[in-house]
2 protein chains.
Amino acid sequence: MESTNGTATGRAVTLRDVARLAGVSVATASKALNGKQQVRAETRARVVQAAEQLSFSPNTLAQGLITQRSGTVGLLTSDLEGRFSIPILMGAEDAFGSDQTSVFLCDARGDTIRERHHLRALLSRRVDGLIVVGARPDTRPSLGRDLPVPVVYAYSPSDDPADLSLVTDNVDGGRLAVDHLIRCGRRRIAHITGDPGYSAAQDRARGAQARLAEAGLELAGGEVWFGMWSEAWGRGATRLLLDRCPDVDAIFAGSDEIARGVLDVLHEAGRDVPSQVAVIGYDNWTILAANARPPLTTVDMNLEELGRIAAQRLFAAIGGTLGTGVETVPGRLITRESTAPLG
Amino acid sequence: MESTNGTATGRAVTLRDVARLAGVSVATASKALNGKQQVRAETRARVVQAAEQLSFSPNTLAQGLITQRSGTVGLLTSDLEGRFSIPILMGAEDAFGSDQTSVFLCDARGDTIRERHHLRALLSRRVDGLIVVGARPDTRPSLGRDLPVPVVYAYSPSDDPADLSLVTDNVDGGRLAVDHLIRCGRRRIAHITGDPGYSAAQDRARGAQARLAEAGLELAGGEVWFGMWSEAWGRGATRLLLDRCPDVDAIFAGSDEIARGVLDVLHEAGRDVPSQVAVIGYDNWTILAANARPPLTTVDMNLEELGRIAAQRLFAAIGGTLGTGVETVPGRLITRESTAPLG
DNA sequence: TACGTTTCTGAAAACCTTTTCGGTCGACCG
DNA sequence: CGGTCGACCGAAAAGGTTTTCAGAAACGTA
């Protein structure tokens with residue numbers, strides 16, 4: 001039976017076929033292909049050659065059935081359209097060697113019952129482990145303690161301290177940003193950020209203020225400008241800021257979106273960036289940061305790294321036992337042209 | 001053995017356990033749970049109850065082994081970080097009922113040998129089908145004709161006409177954009193777009209010009225302004241355009257990024273949008289389009305829809321036979337505030 | 001009572017691979 | 001030459017499910 005355009009080509013070739021062609025039993029064929037010691041070099045060569053000739057590829061389902069290890073992990077996300085899952089996913093993907101482990105991607109779309117649903121399906125598929133990545137860097141409900149596989153929470157930590165969670169270090173990120181501005185010689189530093197209901201906003205602000213305090217400085221404008229995660233808020237807040245505090249020489253924006261708004265208004269107001277006012281963003285969302293005028297210095301959360309670590313922890317946990325608590329991954333500064341030493 | 005924090009909890013519960021608890025054989029247990037006719041209602045109830053009590057979930061690997069259907073599909077992408085794969089993926093995800101089918105996500109990162117690698121792995125896992133989504137809307141090499149499973153190419157069409165490809169309708173998209181501008185009463189319409197090496201750029205331009213011709217109009221500036229897919233090019237081209245053709249009353253930008261650049265320069269030049277110049281983008285990349293000043297009217301490529309259709313075609317093809325050729329999915333206009341009737 | 005029918009149940013094969021364990025064969029030693 | 005040993009190979013079980021087919025039970029009919 002010929003294979004015509006996607007129609008399955010008869011039966012798939014199995015180890016039996018290989019064995020038959022090589023003139024050995026399936027047992028030795030298996031051993032030969034898996035590099036076991038129990039087979040003569042000459043026999044092994046014959047088997048390998050037969051396998052290639054038939055372009056045999058072992059049925060992973062059957063393997064999984066007997067080894068009790070499927071070689072798959074589930075990635076349960078809640079914001080696919082968001083920009084957080086994707087880098088994490090990529091990091092995870094390349095931490096598992098792609099030939100060893102494949103990842104099932106499930107998007108729960110923020111819906112708890114859909115999440116339970118996906119969870120059931122994944123367990124039914126006998127995944128070896130689970131990575132749960134949330135939509136925002138706030139605590140999320142645990143999946144529970146009595147799952148048959150290890151779970152790592154990424155980005156959104158679990159509310160159960162017995163789980164293992166990996167999060168970005170927002171406090172340190174805020175500190176990083178302000179530290180950079182101070183090193184640039186800035187002294188009148190303002191902080192415009194997003195929704196105060198986000199712990200990310202609070203943490204970054206805390207880190208920023210801590211670093212300011214160390215330098216004996218106060219926030220320009222006297223307080224953190226909380227608002228929304230949008231360009232429009234960036235614009236609005238900047239207008240107010242320039243009004244109230246015209247001698248500001250640096251602005252730390254809580255996100256690249258906000259930073260875009262900040263840049264816009266500074267431009268309108270005729271303040272040069274970076275010579276008069278330095279601006280730093282957060283997220284390193286390339287489309288926004290790299291295309292800004294001028295290109296935006298920003299804090300990268302190292303999400304791929306976070307994903308990679310999540311995968312490593314999970315991998316280590318499979319078969320072994322998992323750590324607990326919240327592990328924190330530091331970000332890094334990406335310097336572009338929106339910041340520069342003063343003078 | 002207790003389950004402690006992710007460590008596997010002894011042996012998983014199997015159909016045998018259910019059968020034993022219900023006092024029947026595994027055969028009847030299977031039939032009972034799968035709604036087969038061969039079992040008395042009372043027996044079925046007993047089995048179901050036992051299954052729930054043990055919270056049994058069938059081993060999909062074993063099922064797949066015998067039914068020759070794994071209930072999985074592979075999604076092979078080349079631009080995870082890009083904005084095209086994700087909506088397609090989401091569309092696909094919700095077209096397959098999530099309890100029926102799970103999707104393996106693989107990112108080849110534009111590397112052909114990594115792609116072969118992933119392909120082998122997916123076939124080894126006995127996926128029921130494959131969706132291949134490319135990074136750019138140009139032709140890509142076919143995976144080949146003699147695969148054991150059906151394949152649908154999305155976004156990037158395959159170079160083999162015997163394959164089934166689904167692409168966005170760029171010609172129609174260009175027409176849509178210009179049609180909207182004409183209906184707004186605009187007559188001096190310019191087109192600034194990206195890299196002329198992209199068929200998307202060419203097609204959109206062709207559609208735009210076709211619609212202009214129907215209205216007896218010519219492109220303002222005389223020609224299409226090809227360049228790069230960047231804000232910077234949008235800015236540069238707009239400056240040139242205003243210079244050469246100051247009475248332009250509408251600009252069709254080949255992407256939202258370009259449109260952002262266009263808006264920036266118009267703003268600087270003191271041209272009001274939309275009262276003096278209407279601007280329309282392409283992609284409906286929300287972060288750019290909705291946050292623009294003013295919010296950007298744009299063409300949405302309906303990528304989720306494309307993903308959904310891809311999944312449907314694939315689903316239909318599994319077991320049956322697949323269509324061939326290139327199928328085209330129309331986009332739709334998203335009107336925001338950057339366009340409005342003249343006067 | 002004998003027999004046919006219908007309805008339900010269970011044994012067993014099948015899916016494909018890995019792994020254990022016993023067996024064969026030749027070589028080597030005493 | 002008998003025995004031991006090592007190297008290599010194959011038969012068979014296992015993993016969890018579905019499906020086929022034969023058998024059992026219950027019931028109605030002649």
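Each chain gets a letter, A, B and so on, in the order the sequences are listed, and its residues count up from 1. Only a predicted model underlies this, so the values are computations on that prediction, with no experimental measurement involved.
Per the geometry, NZ belonging to A/Lys36 stands 17 Å off P belonging to D/dG10, to the nearest Å.
Residue B/Phe315 qualifies as open at atom CZ: its count of foreign heavy atoms under 6.0 Å is 12 or below.
For residues 49-72 of chain B, proximity to DNA chain C is found at B/Leu65, B/Ile66, B/Gln68, defined as any non-hydrogen atom under 4.0 angstrom from a strand atom. A heavy atom closer than 4.0 Å to some atom of DNA chain D occurs in A/Val24, A/Ser25, A/Ala27, A/Thr28, these being the qualifying members of residues 21-30 of chain A.
For A/Glu42, the side-chain hydrogen bond (donor to acceptor under 3.5 Å, both in side chains) test picks out A/Arg46, with sequence neighbours left out. Residues satisfying the salt bridge (Lys or Arg N to Asp or Glu O under 4.0 Å) criterion with A/Arg44, sequence neighbours excluded, are absent altogether. The side-chain hydrogen bond (donor to acceptor under 3.5 Å, both in side chains) check on A/Ser124 picks up B/Thr60, with sequence neighbours excluded. Judged as a ring-ring contact (aromatic ring centres under 6.0 Å, His included), and not counting sequence neighbours, the contacts of A/Phe104 are B/Phe104. Not counting sequence neighbours, A/Asp169 has no partner by the salt bridge (Lys or Arg N to Asp or Glu O under 4.0 Å) test. B/Glu327 is linked by a salt bridge (Lys or Arg N to Asp or Glu O under 4.0 Å) to B/Arg313, counting only residues two or more places apart in sequence or in another chain.
For the helix from C/dT1-D/dA30 to C/dG30-D/dC1, the angle separating the two terminal helix axes comes to 70°, with each axis derived from five pairs and the value rounded to 10°.
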Encode nucleotides 21-28 of chain D as B, S and - characters from 5' to 3', where the letter depends on protein heavy atoms closer than 4.0 Å: B to the base, S only to sugar-phosphate, - to neither. --------

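Not one N or O on the side chain of A/Arg125 forms a donor-acceptor pair closer than 3.5 Å with the backbone of A/Ser70.
Within the structure, ring pair (Phe, Tyr, Trp, His ring centres under 6.0 Å) pairs that include any residue of residues 13-59 of chain A do not occur (at least two apart or interchain).
Side-chain atoms of B/Leu75 and A/Leu105, non-hydrogen and from C-beta on, never get closer than 4.5 Å to each other.
Bracketed by its first and final contacts, the part of DNA chain C lying under 4.0 Å from non-hydrogen atoms of chain A reaches from C/dC16 to C/dT20 in 5' to 3' order.
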